[in-house]
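Here it is: the structure, laid out below.
We use all heavy atoms of the structure for the numbers below, so side chains are in, but hydrogens, waters and symmetry mates are not.
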Amino acid sequence: MSLRRGFLILVGLLFVSQAYAVPHKPTTKPAVRAAKPSPSQGKKRTSPSKMVFFPEPSQGMVADLNLSKILGFFAKEVPALQKEHHLVGSTLSVVYQGKVVLLRGDGFADQAKKQDVDPKKTLFRVGSISKLFAWTAVMQLVEAGKIDLSADIRKYVPKLAIPSTFSTPITMAHLMAHTPGFEDILLGLFTKNPKELKSLEQAILSKIPMRVRPSGKWIAYSNYGTALAGYIVSQISGMPFERYVEEKIFRPLQMKAASFSQLDTAKSADMSKGYAYQGKDPKSKKPMWKEQGFEFISLSPAGAMAASAEAMAHFMLAHLQYGSFGGQRILSEATAKNMQQTHFRMHPRARGFAHGFIEVNQASPRVIGHLGDTIYFHSVCVIFPQQQLGFFFSTNTSTGMKASFSLLQKFLARFTREVKGKTLAAKRSVPSASYLSQFTGSFTTNRRAESDMTKLVGLGTRTEVKLGEKPGQLEIFDFFKWKMVPHVEVEPDVFQEVDGSGRWVFLRDKKKKVYGVFGNLLPVMIFVRPPWYESLPLQIAILICFVFFLLLGLFARPIGFFTWFFTKSRPEGEERIAGLLGVGVLLGYLGFFVAGFFSASEDFIFEMPSRWPFLMLYLPILLSLGMVYFSVRSWTKGSWGILGRLFYTFFVVSMLAFAWFLSYWRVLA
């Protein structure tokens, strides 16, 4: 797996999943429907009046925003994205001023059967967009007086032993803003085996994540936190979460093609297949895909839902009309407005979280919504409350993550007045290099595990900031463009792309030192300066030294694994024991790598790693500790000559450093 592909998998996990790499051969004609007006209730409403907006590059919708322009945009862009990203199938719904104005299906729901995508019937996995339904359910119970957003959640789940690591309690408001302070959980998030699918209660109680930071202070996206909120809904309502959503949200909104019931959905004839892009055929140069199994998610409220484009259109209309749809009301107007207000920001200029909705654009036009990803399905759902506009787009191919994100970015670029960074920076004095140097360095994600080996995500998910080639600029690594991009300061501590609208907001501690950075394109976590012992150069140096001395130990005495078989003279006494310990270390690590290779699965994301190869690591680690004694003895006795003693000592040091690496990054866990 390439570094870039591996990183894209990790980025996908930011929302509920990851991304392999997948596409589609355009099918016959797209199923496009200009829909009849959907039933609605109440007068056209404005967005919440008490919101405080902060200026961003987008300064309002362009004058030609109208239905024909909107439909023309999607008619052009969707087929282009379908081809560019090799999508097997996609589905789209657009709502505008109280009506469903467009339902569109492109490509195949089942490529083998040539079954077209039907935007009214075909079910697509919506990933983390599922969370919006969990938060809507929570707000229903808040409205009913059954949930207090500021109460300690242990009040609602007394049998859940949430650690009292910090004095501040975790509240439902913290869960909604992704600030509970939990570590992230990646292992066991997905499975393709229905027998391994846990009930929501089993998933919540089987592994309670560590609390690694105080609640209410830092955003770090939490699938467990959302699932916990869904579990609280089930405990308070007295019915399974899936049934609650069915009765209280799906039915009133006439969402006939929507479900959280994964076992039933997996068998449904209307469920789209998921596909992994396999690249192009070497001979025909045509794209290839591989059909994938159903992705089961035990933390179901966080990402297990499947829905058609039409069903999602009804949901968007309900929130645009502040809880009302087709004569039915799922939320009071006051509650719906409160749900859409931004309640937490990392910084006044940073995009924030409403009660579940992510702020996609702060200023006018204010845009809120959610992205959603599984491994093979990638979606976006956004609403523009002031303009009474919204759209949902979903793909069934692993390459769809960039397609859905690109569609959103292109829509904003087309229909908003974008002010580039260089225009805004022209009004300011050019900052000096010494001033800009305080922002430079490596920053690692705060969204990672701390109790298992996926802590390694923190080693690979970083952003780099360095001085730009031109005066007054910083270069910041862009995860979507996969390159360093020049930025300029447009406000104190706020940097924007020179030729774009992407922004990074730098965060300061109480001493005014820069400790982290928040990207508005990735508003689900912050990046913080790692401690020195987590520096990437140090970690790479440890790995290089380990591999170098491990390989050298196969041939060089006093260890020389192979020389034991091809020489008649063998060391005796302490020197023999010292050499054999080194041989044991070599065999232990080589055994681990061989066992890991043969036990690894192609679908490693869907399977828990086998324990036994990791248990093998303890043997070489213990033997390495024993080698410390003989390393010291070699210098006091003058054994092996100076080169032999140096090699043996460096071998021991590199093995111990690697043992620390395995322990610190929780590989041994």
Worksheet item: With distance as the sole test, does Tyr224 use its side chain to make a donor-acceptor pair with the main-chain N or O of Ala302 at under 3.5 Å?
Response: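 No, Tyr224 side chain to Ala302 backbone: no donor-acceptor pair under 3.5 Å.
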Worksheet item: Where the side chain of His174 meets the backbone of Thr171, is there a donor-acceptor pair that is under 3.5 Å apart?
Response: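 Pair found, side chain donor or acceptor close to backbone of Thr171.
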Response to the item:
Rounding to 0.5 Å, atoms CZ (Phe124) and OG1 (Thr395) come to a distance of 7.5 Å
Practice prompt. Check Phe479, Phe518, Trp218 against Phe527 for a ring pair (Phe, Tyr, Trp, His ring centres under 6.0 Å) and give me the one that passes.
Written response: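 Considering Phe479, Phe518, Trp218, a ring pair (Phe, Tyr, Trp, His ring centres under 6.0 Å) with Phe527 is found only for Phe479.
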Listed pairs under 3.5 Å, donor-acceptor, residues 204-216 side chains, sequence neighbours left out:
residue: Ser206; atom: OG; partner: Lys198; partner atom: NZ; Å: 3.4
residue: Ser206; atom: OG; partner: Gln202; partner atom: O; Å: 2.8
residue: Ser206; atom: OG; partner: Ala203; partner atom: O; Å: 3.4
residue: Lys207; atom: NZ; partner: Asp452; partner atom: OD2; Å: 2.9
residue: Arg211; atom: NH1; partner: Pro163; partner atom: O; Å: 3.0
residue: Arg211; atom: NH2; partner: Thr168; partner atom: O; Å: 2.8
residue: Arg213; atom: NH1; partner: Phe182; partner atom: O; Å: 3.3
residue: Arg213; atom: NH2; partner: Asn446; partner atom: O; Å: 2.6
residue: Ser215; atom: OG; partner: Thr168; partner atom: OG1; Å: 3.2
residue: Ser215; atom: OG; partner: Pro169; partner atom: O; Å: 2.8

Worksheet item: Does any donor atom in the side chain of Ser332 or Thr335 lie under 3.5 Å from an acceptor atom in the other side chain?
Response: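 Looking only at side-chain atoms, Thr335 and Ser332 do form a donor-acceptor pair, the distance falling under 3.5 Å.
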Worksheet item: Please walk me through it: do Val142 and Met172 pass side chain to side chain contact (heavy atoms under 4.5 Å, CB included)?
Response: CA-CA 10 Å; Val142 170; Met172 184 63 74; 5.7 Å; no
Discussion item. With a sphere of 6.0 Å drawn around NZ of Lys455, does it hold more than 12 non-hydrogen atoms of other residues, nucleotides or ligands?
Written reply: yes
Worksheet entry | Residue list, side chain to side chain contact (heavy atoms under 4.5 Å, CB included) with Ser404, at least two apart or on another chain |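 By the side chain to side chain contact (heavy atoms under 4.5 Å, CB included) rule, Ser404 matches His378, Val380, Phe393.
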Worksheet item: Once the angle between the rings of Phe133 and Phe315 is folded into 0 to 90°, is it parallel (under 30°), tilted (30 to 60°) or perpendicular (over 60°)?
Response: parallel
Fill in: Residues Lys192 and Glu295 bridged, charged N to O under 4.0 Å
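Judged by the 4.0 Å cut-off on N to carboxylate O distance, Lys192 and Glu295 do not form a salt bridge.
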Worksheet item: Is the Phe250 ring parallel, tilted or perpendicular to the Phe260 ring (thresholds 30°, 60°)?
Response: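 Phe250 vs Phe260 ring planes: parallel.
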Worksheet item: Of the options Pro119, Ser308, Cys381, which is the one that meets Phe392 in a side chain to side chain contact (heavy atoms under 4.5 Å, CB included)?
Response: Cys381
Fill in: Tyr221 side chain to Lys131 side chain, donor-acceptor N/O pair below 3.5 angstrom
yes
Worksheet item: Distance-only, no hydrogens or angles: does the His343 side chain make a donor-acceptor pair with backbone N or O of Asn338 under 3.5 Å?
Response: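 Yes, the answer is positive, given that a donor and an acceptor are paired below the 3.5 Å cut-off.
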Discussion item. With ring-ring contact (aromatic ring centres under 6.0 Å, His included) as the criterion, how do Phe391 and Phe411 come out once you've worked through the C-alpha distance, each side chain's angles and the decisive distance to 0.1 Å?
Written reply: CA-CA 10 Å; Phe391 70 86; Phe411 189 90; 5.2 Å; yes
Worksheet item: Between Glu183 and Glu450, is there a donor-acceptor pair closer than 3.5 Å when you use the side chain of the first and the backbone of the second?
Response: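 Pair found, side chain donor or acceptor close to backbone of Glu450.
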Worksheet entry | Check ion pair Lys120-Asp118 (N to O, under 4.0 angstrom) |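 Salt bridge: no.
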Item to complete: Begin from the C-alpha positions of Glu201 and Tyr231 and carry the test side chain to side chain contact (heavy atoms under 4.5 Å, CB included) through to its verdict.
Response: CA-CA 7 Å; Glu201 181 170 77; Tyr231 179 62; 2.7 Å; yes
Worksheet item: So how far is it from Leu253 CG to Gln328 CD, rounded to the nearest 0.5 Å?
Response: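 Nearest 0.5 Å value for the CG-CD distance: 8.5 Å.
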